[in-house]
Every structure is written in structure tokens, then in C-alpha cells.
Amino acid sequence: MEIITDAKMRELLKVYFILGSTNCTQDPLEVMHQAIEGGITLFQYREKGTGALLGEDKYKLAQAIQKLCQQHQIPFIVNDDVDLALSLNADGVHIGQEDESAAAVREKIGNKILGVSVHTREQAYEAIQQGADYLGLGPVFSTTTKEDAKAAAGTALIQTLRKEGLTIPLVGIGGITAENAPLVMAAGADGVSVITAISLADSVIHSTQKLCQAVYG
Ligand code: TZP
Ligand code: MG
């Protein structure tokens, strides 16, 4: 497997859906079916928070979602858990600043996709230098989904990095909806990544379609 090109990565980041069992009230596989039908372009399995699955249960759900993603050519990324990503032969890993260094994860995963969450320009430059394929910036807007989320940062850092000439694929996260997604794109992001705007929507298909329209303009 070749390392992903920036152009391909940008395409995948457009409507990046993140889900774990604690983020939905219905069957996560049903949510996935509808989100895929609605048009998501990339998926991250993020099993976190109070009541999160562990061990075999986590593995089984990840495997079932991965299978569904594979059937629809949606790349499947694992949050934090490099061992899980390797044992499933996932398409990539997403890490934050509290996790192992990007360089260490790159060593372990070879050419799989590597995403890194950053909150400052220094962290952004470091992640790029250590081999990140894309950056996640947020929370852009306020969110209650991530228990330890920082305060909403707006789109300033996205704009700053673009003004400085950084061309790395970049996605906004945190409190993003179809209504505010155009602001994130206008700031210079390649896409939006969302949890609850899709996972807790009354109609998952409809909300995903609306988000796609907002992103593609
Ligand atoms: N990282 C920063 S904010 C966030 C993560 C994982 C949660 C995003 O969830 P939502 O429901 O889209 O605000
Ligand atoms: Mg993490």
C-alpha cells in the first residue's frame, strides 16, 4: 500500500463520520447503514466515554462496522487504539496529543492513514514533521460529546495555518452541523468531522445528506 496522496486524503475528509457505541441511542450498525447511504466519505471508530465497550465487545463492533465500510468503499480509521487498528488491518489510525507520538505511531502502522488532533500551530507543525497525513482541528464550536473537550476555538487556527501556506489535508471537528459547516470550509478546511450531527439525528440519512450539501456547496 502506497502512502495516501494529499488529493485523495482531501476527498476522503469531506464528510468524516466518527462513531462509537456511546454516541447513539439506536443500533450503531443501523446508524452506519444510513450514514453510508447518506454519503459519508470516511469513518472513524471511536469507542470512548462512560459505558464504552472494552475487549472482545469492542473488537466485535469494530469488526462489524469495518465490514460494512469495506462493502461500501469507505475507509475505516481507528481512534487511539493502534493494536486494534493493526489486528483488524484498518485503513488508518487517529491520535490526539495525549497519545503516543505521531512518529511512534507512523513507525507501527507503515503507510496506513495517520490523523492527528492538534490545538496549536506548534502542534500542527510537529504532527506534519512526524508524518501525519491529515490534521484534525477543534473543537471549532462548543460540544458536549467529548468529555474532556477544550473550549471552542472557532476557525482561527485553520485560517492561520492556511495563511502560513500549510497545504496538509485538514478537517474541523466539534459542534459542526449542516448550518455551520460552510464556515469551517470557508476558513480553509478540506472537510468536516462530526459525531452527533449524524449519530443522534432523527433521520440519519437526511442529516448526512444535508451535511454533504453544506460541504460540497
Ligand atoms: N474532538 C474534538 S471535539 C470532539 C472530538 C472527538 C467531539 C465532536 O463531537 P460532535 O458531536 O460532532 O460535537
Ligand atoms: Mg486520543
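No experiment lies behind these values; they were computed from the predicted model shown. Any value given below was found using the heavy atoms of this structure, including those in side chains, with hydrogens, waters and symmetry copies removed. Atoms within each ligand, like the ligands themselves, are counted from 1 in listed order.
Crowding of Glu107 atom CD: a count of heavy atoms from other residues, nucleotides or ligands under 6.0 Å not exceeding 12. Around the CD atom of Gln159, the shell of radius 6.0 Å holds more than 12 heavy atoms that belong to other residues, nucleotides or ligands. Residue Lys210 places its NZ atom among 12 or fewer non-hydrogen atoms of other residues, nucleotides or ligands, all under 6.0 Å distant.
An N or O contact shorter than 3.5 Å is missing between Ala197 and ligand 1 by distance. Geometrically, ligand 1 and Ile195 share a nitrogen or oxygen pair separated by less than 3.5 Å. For ligand 1, one of its N or O atoms has an N or O atom of Thr196 under 3.5 Å away. For ligand 1, the polar-atom distance check finds an N/O of Thr143 within less than 3.5 Å of one of the ligand's N/O atoms.
Ligand 1 does not have Gly138 within reach: every non-hydrogen atom of the residue lies 4.0 Å or more from it. Not close to ligand 1: Lys48, with no non-hydrogen atom less than 4.0 angstrom away.
In this model, no donor atom of one side chain and acceptor atom of the other lie less than 3.5 Å apart for Gln213 and Gln209. With no hydrogens or angles considered, no side-chain donor-acceptor pair links Glu47 and Tyr59 at under 3.5 Å. In the model, Lys112 has a side-chain atom that pairs as donor or acceptor with a side-chain atom of Asn89 under 3.5 Å.
Of all the atoms in ligand 1, the ones that sit under 4.0 Å from a non-hydrogen atom of Arg46 are 6 (C). Counting the atoms of ligand 1 from 1 in the order shown, those under 4.0 Å from a heavy atom of Val194 are 12 (O).
When you scan the N, O or S atoms of Asp80 for the one nearest the Mg ion (ligand 2), you land on OD1.
Ion pairing between a basic and an acidic side chain is recognised when a charged N comes within 4.0 Å of a carboxylate O; Asp133 and Lys8 show no such pairing.
When only non-hydrogen protein atoms are considered, atom 10 (P) of ligand 1 lies nearest to Thr145 OG1, 3.4 Å. Distance from atom 1 (N) of ligand 1 to its nearest protein heavy atom, with residue and atom name: Lys146 CD, 3.3 Å.
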Counting only pairs under 3.5 Å, give me each side-chain donor-acceptor contact of residues 136-146, with atom names and distances, residues two or more places apart or in other chains.
{"unit_1": "Thr143", "atom_1": "OG1", "unit_2": "Thr145", "atom_2": "N", "d": "3.0"}
{"unit_1": "Thr143", "atom_1": "OG1", "unit_2": "Thr145", "atom_2": "OG1", "d": "3.3"}
{"unit_1": "Lys146", "atom_1": "NZ", "unit_2": "Asp148", "atom_2": "OD1", "d": "3.3"}

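At least one N, O or S atom of Asp99 sits under 2.8 Å from the Mg ion (ligand 2).
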